[in-house]
Amino acid sequence: MKISNLGEFGLIEEVIAPEFKELIRKNTTGIGDDCSIMPVSKKVSHIFTTDMLIEKTHFLRDKITPYQLGFKSLAVNLSDIAAMGGSATASYLSIGLPENIEVDWMEEFIKGFKTLSKEENVPLMGGDTTSCEDKIIVNVGVTGEIKNENIKLRSAAKEGDLVCLTGKVGDSAGGLQILLNDLKTNDSGLKLLEQHLSPYPHMSEGKWLSDFESVHAMIDVSDGISSDLGHICKASGVQCSVEIENVPISGELKKLTEEQNWNPYELALSGGEDYVLLLTIDKENFKSISEDFRKKFDKTLYAIGSVQKGKPGIIYTHKGKKIEGLKKGYTHF
Ligand code: ADP
Ligand code: MG
């Protein structure tokens with residue numbers, strides 16, 4: 001059987017994870033959440049995450065500047081730290097480069113990486129540098145820490161919770177489509193491109209939300225709501241319903257999809273790379289948390305659906321009617 005028959009998550013769940021079940025230590029969280037968790041005391045845990053960006057799979061060398069690639073390589077990893085509710089402490093950068101890459105290119109990459117490192121106060125503490133025949137390969141690891149009582153697992157969603165988002169979705173997918181279709185960009189197109197090429201991870205939002213006991217499960221949206229909310233459903237053994245009309249999309253995405261005759265919700269639900277946080281909150285506490293969220297961040301905390309009993313999975317509705325046939329989130333292979 002080819003790995004394409006198993007898919008990315010089949011490969012992780014059936015081939016990789018089962019082999020290590022017995023070795024993973026008690027009271028730690030291994031494969032399956034945004035970060036691994038190692039308790040260091042009754043109060044605090046270390047968390048770690050790693051993510052890879054490969055040329056032609058995750059980016060096109062002539063469609064992203066090295067500065068943007070450096071920024072994004074760290075951003076996608078910090079986003080996983082945010083998804084646990086933690087703080088990042090250090091980063092590690094391993095990079096494979098074809099030998100004809102200019103030193104200028106690497107200087108710009110590091111400038112982009114440094115900009116976000118400085119902004120979030122996360123020093124680069126190590127890594128590896130190698131040659132690679134024909135592709136740029138970037139792998140970043142980030143360590144972090146978190147108070148044990150604040151850890152937000154994918155498996156913690158509870159029946160009766162509301163499903164919420166810390167930002168709009170679909171802009172990044174819109175930006176990617178602009179690049180892939182070589183569309184002319186106007187001001188609104190530039191905003192979509194910016195969202196795709198330089199997403200800012202929701203670190204402050206994740207950390208702030210993690211202080212609330214009534215915030216239950218949390219994940220970052222890297223593969224699209226369809227895929228990422230699916231992970232929460234599976235890990236928590238719950239069903240979620242999502243009201244499409246409540247999924248927040250930007251005016252810029254609406255404009256692009258109208259011009260191109262595309263379905264904005266397909267991009268918003270399955271496009272991915274939004275790097276906003278998707279979380280579930282006890283219904284009773286949503287009003288006060290969302291009001292405080294607005295005061296703190298001057299942004300909306302969007303409620304897009306709810307958690308219920310049932311076969312794990314997502315049910316999409318539009319004005320109360322069930323809708324089917326939506327594209328699934330991104331997976332490799
Ligand atoms: P994320 O999108 O948050 O980075 P993924 O969906 O990529 O997470 O991965 C799901 C889980 O599987 C994570 O806990 C990740 O650490 C783990 N994982 C993915 N690939 C591997 C691998 N090759 N070996 C071990 N664990 C892996
Ligand atoms: Mg993640």
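Start at 1 and go down the list; that is how both ligands and their atoms are numbered.
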Practice prompt. Please work out whether any backbone atom (N, CA, C, O) or any side-chain heavy atom from C-beta onward of T49 is under 4.0 Å from ligand 1, and answer side chain, backbone, both or neither.
Written response: neither

Worksheet, complete the sentence: Note: R154, heavy atoms under 4.0 Å from ligand 1, region reported as side chain

Item to complete: Output yes when K191 and D171 qualify as a salt bridge under the 4.0 Å nitrogen-oxygen rule, no when they do not.
Response: yes

Worksheet item: So which N/O/S atom does D220 have closest to the Mg ion (ligand 2)?
Response: OD1

Fill in: Atoms of ligand 1, numbered as shown, that sit under 4.0 Å from any heavy atom of D51
4 (O)

Item to complete: May I ask you to say whether K283 pairs ionically with D161, meaning some side-chain N is under 4.0 Å from a carboxylate O?
Response: no

Worksheet item: What do we get for I31 next to ligand 1 when only non-hydrogen atoms under 4.0 Å count, side chain, backbone, both or neither?
Response: both

Practice prompt. Note the single closest protein heavy atom to atom 7 (O) of ligand 1, along with its residue, its atom name and the distance in Å.
Written response: E8 OE2, 3.9 Å

Practice prompt. Indicate the ring-plane relationship of F297 and F293, choosing parallel, tilted or perpendicular according to the 30° and 60° boundaries.
Written response: tilted

Response to the item:
min-distance protein heavy atom vs atom 23 (N) of ligand 1 -> I16 CD1, 3.6 Å

Worksheet item: In the protein, which heavy atom is nearest to atom 19 (C) of ligand 1, and how far is it?
Response: I12 CD1, 3.3 Å

Discussion item. Counting neighbours of CG on D187 that are heavy atoms of other residues, nucleotides or ligands and sit closer than 6.0 Å, is the number greater than 12?
Written reply: no

Worksheet entry | ring-ring contact (aromatic ring centres under 6.0 Å, His included) between H318 and Y265, worked out | CA-CA 11 Å; H318 183 254; Y265 289 100; 7.6 Å; no

Practice prompt. Could you tell me whether K254 and E258 have a side-chain N and a carboxylate O separated by less than 4.0 Å?
Written response: no

Worksheet item: Going by distance only, is there an N or O of D33 that falls short of 3.5 Å from an N or O of ligand 1?
Response: yes

Worksheet item: Salt bridge check: are K287 and E291 linked by an N-O gap of less than 4.0 Å?
Response: yes

Worksheet item: Any side-chain heavy-atom pair from R61 and I136 closer than 4.5 angstrom?
Response: yes

Discussion item. What I want to know is whether D80 and ligand 1 share at least one N or O pair that is separated by under 3.5 angstrom.
Written reply: yes

Worksheet entry | For Y92 against G127, the heavy-atom pair lying closest together | CD2-N, 4.3 Å

Discussion item. Yes or no: does F9 have any heavy atom under 4.0 Å from an atom of ligand 1?
Written reply: yes

Practice prompt. Could you list which atoms of ligand 1 come closer than 4.0 Å to a heavy atom of D34?
Written response: 3 (O)

Discussion item. Considering non-hydrogen atoms of the protein only, which is the closest contact for atom 11 (C) of ligand 1, and what is the distance?
Written reply: G32 N, 3.8 Å

Item to complete: Please name the atom of D34, restricted to N, O or S, that is closest to the Mg ion (ligand 2).
Response: OD1

Item to complete: Specify whether an N/O/S atom of D80 falls short of 2.8 Å from the Mg ion (ligand 2).
Response: yes

Worksheet item: Does a side-chain N-to-carboxylate-O contact under 4.0 Å join E205 and K299?
Response: yes

Worksheet item: What atoms of ligand 1 come closer than 4.0 angstrom to any heavy atom of S222?
Response: 2 (O)

